[in-house]
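When reading the values below, keep in mind they use all heavy atoms of this one structure, side chains included, and skip hydrogens, waters and symmetry mates.
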Amino acid sequence: MNDEYYQMYLDELREIKPCDDKERASLLISAATGNEAARARLIEGHLIFALAIAKDYRDKGLPMSDLVQEANLALTVAVSEYREGDFLTAAKERITACLQAALEEQQAENKVEETMLARVNVLQEVSKTMADELGREATVEELAERMQMTSEEIKDIMKLAVDALSVTGDYAQTPAESLEQGGAEEI
């Protein structure tokens, strides 16, 4: 789906004339006086410029459509903030910083997801082991004691597991039902 949107974007972009040096200089003067049409044309005329920078970040953790969106947003900010100096350098710096921040944010989110997945997996193993040992499902409190965590932390992990299952449709009870039964059987 992202690839389809990206391809549509590329098709539309082919119809837009990039700004040349002369037009850019004129538009920057008009934009500095608050001319919104000049700002809009500056953005439009530099979309290919933003795309070229975004392509440098391809295959580094975000879909190309997200990179294009981030680059275009940064271009818009660069146009609105521009006051003087080399516009292309300022825009490139803004776009590059925005793309790097988006990638760093995605990497941080991935690490959090990996950590939470690991916690869910450990809880599942401990729950299974305790069920075998006790001959019944362990309570949240028993799981918390075994894992040296609080009951709230165990409930949070259970909720994450059930939320993940609800996305895939692979569960039969709500988190509340699972907790009411006092066990962690369907983590």
Side-chain angles (χ1 to χ4, degrees), residues 1-121 152-153 155-157 159-171 175:
M1 178 82 104
N2 278 336
D3 289 339
E4 291 174 27
Y5 289 124
Y6 177 60
Q7 189 57 51
M8 287 173 32
Y9 177 77
L10 292 177
D11 293 342
E12 290 176 13
L13 202 54
R14 287 186 187 98
E15 304 297 318
I16 298 172
K17 179 183 174 227
C19 286
D20 60 25
D21 292 342
K22 184 178 177 182
E23 182 185 16
R24 180 182 313 109
S26 173
L27 289 170
L28 287 170
I29 291 168
S30 294
T33 64
N35 184 324
E36 291 301 319
R39 285 183 179 169
R41 175 62 187 133
L42 270 170
I43 294 166
E44 178 186 66
H46 289 87
L47 290 174
I48 292 173
F49 174 76
L51 174 63
I53 297 168
K55 283 182 177 180
D56 291 340
Y57 292 86
R58 176 182 276 159
D59 298 326
K60 293 187 179 182
L62 284 173
M64 195 61 200
S65 58
D66 288 355
L67 293 171
V68 167
Q69 184 176 359
E70 292 291 334
N72 289 349
L73 178 61
L75 173 62
T76 302
V77 171
V79 167
S80 69
E81 290 180 342
Y82 178 78
R83 296 297 172 255
E84 61 182 26
D86 182 8
F87 171 74
L88 292 179
T89 299
K92 183 177 182 178
E93 289 173 359
R94 170 62 76 174
I95 293 167
T96 300
C98 188
L99 291 169
Q100 288 174 343
L103 287 173
E104 288 170 7
E105 182 178 334
Q106 183 64 43
Q107 290 168 351
E109 287 177 15
N110 290 346
K111 286 181 183 179
V112 168
E113 288 175 13
E114 290 170 11
T115 300
M116 294 314 296
L117 180 60
R119 286 183 177 185
V120 167
N121 289 337
E152 286 305 312
E153 289 172 320
K155 288 177 185 177
D156 288 344
I157 295 170
K159 182 176 179 348
L160 283 172
V162 173
D163 287 348
L165 290 174
S166 69
V167 169
T168 63
D170 293 337
Y171 75 103

Evaluate side-chain contact (heavy atoms from CB on, under 4.5 Å) for M64 paired with Y57, printing each intermediate quantity in order. CA-CA 8 Å; M64 195 61 200; Y57 292 86; over 6 Å; no
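Annotation: side chain to side chain contact (heavy atoms under 4.5 Å, CB included) contacts of E105 (sequence neighbours excluded): E109. For E81, the side chain to side chain contact (heavy atoms under 4.5 Å, CB included) criterion is met by V77, R94, not counting sequence neighbours. Residues forming a side chain to side chain contact (heavy atoms under 4.5 Å, CB included) with I29 (at least two apart in sequence, or on another chain): none. In this view, D21 and R24 satisfy the salt bridge (charged side-chain N to carboxylate O under 4.0 Å, His left out) rule, not counting sequence neighbours. R14 is linked by a salt bridge (charged side-chain N to carboxylate O under 4.0 Å, His left out) to D11, counting only residues two or more places apart in sequence or in another chain. Taking the side chain to side chain contact (heavy atoms under 4.5 Å, CB included) definition, one finds that E152 meets it with T150, K155, sequence neighbours left out. Scanning for side chain to side chain donor-acceptor pair (under 3.5 Å) contacts around Q106 gives N110, with sequence neighbours left out. Every residue two or more places apart in sequence or in another chain that forms a ring pair (Phe, Tyr, Trp, His ring centres under 6.0 Å) with Y82 is listed here: F87.
The ring pair (Phe, Tyr, Trp, His ring centres under 6.0 Å) contacts involving residues 11-43 comprise nothing, where partners must be two or more places apart or lie in separate chains. Under the salt bridge (Lys or Arg N to Asp or Glu O under 4.0 Å) criterion, no residue pair touches residues 82-93, with sequence neighbours excluded. Legend: salt bridge (Lys or Arg N to Asp or Glu O under 4.0 Å) pairs involving residues 33-55, not counting sequence neighbours, sorted by first then second residue: E23-R41, E36-R39, R41-E44.
Residues Y9 and N72 have side chains that bring a donor and an acceptor to within less than 3.5 angstrom of each other.
With rounding to the nearest 0.5 angstrom, the CG atom of N35 is 8.5 Å from the CG atom of L27.
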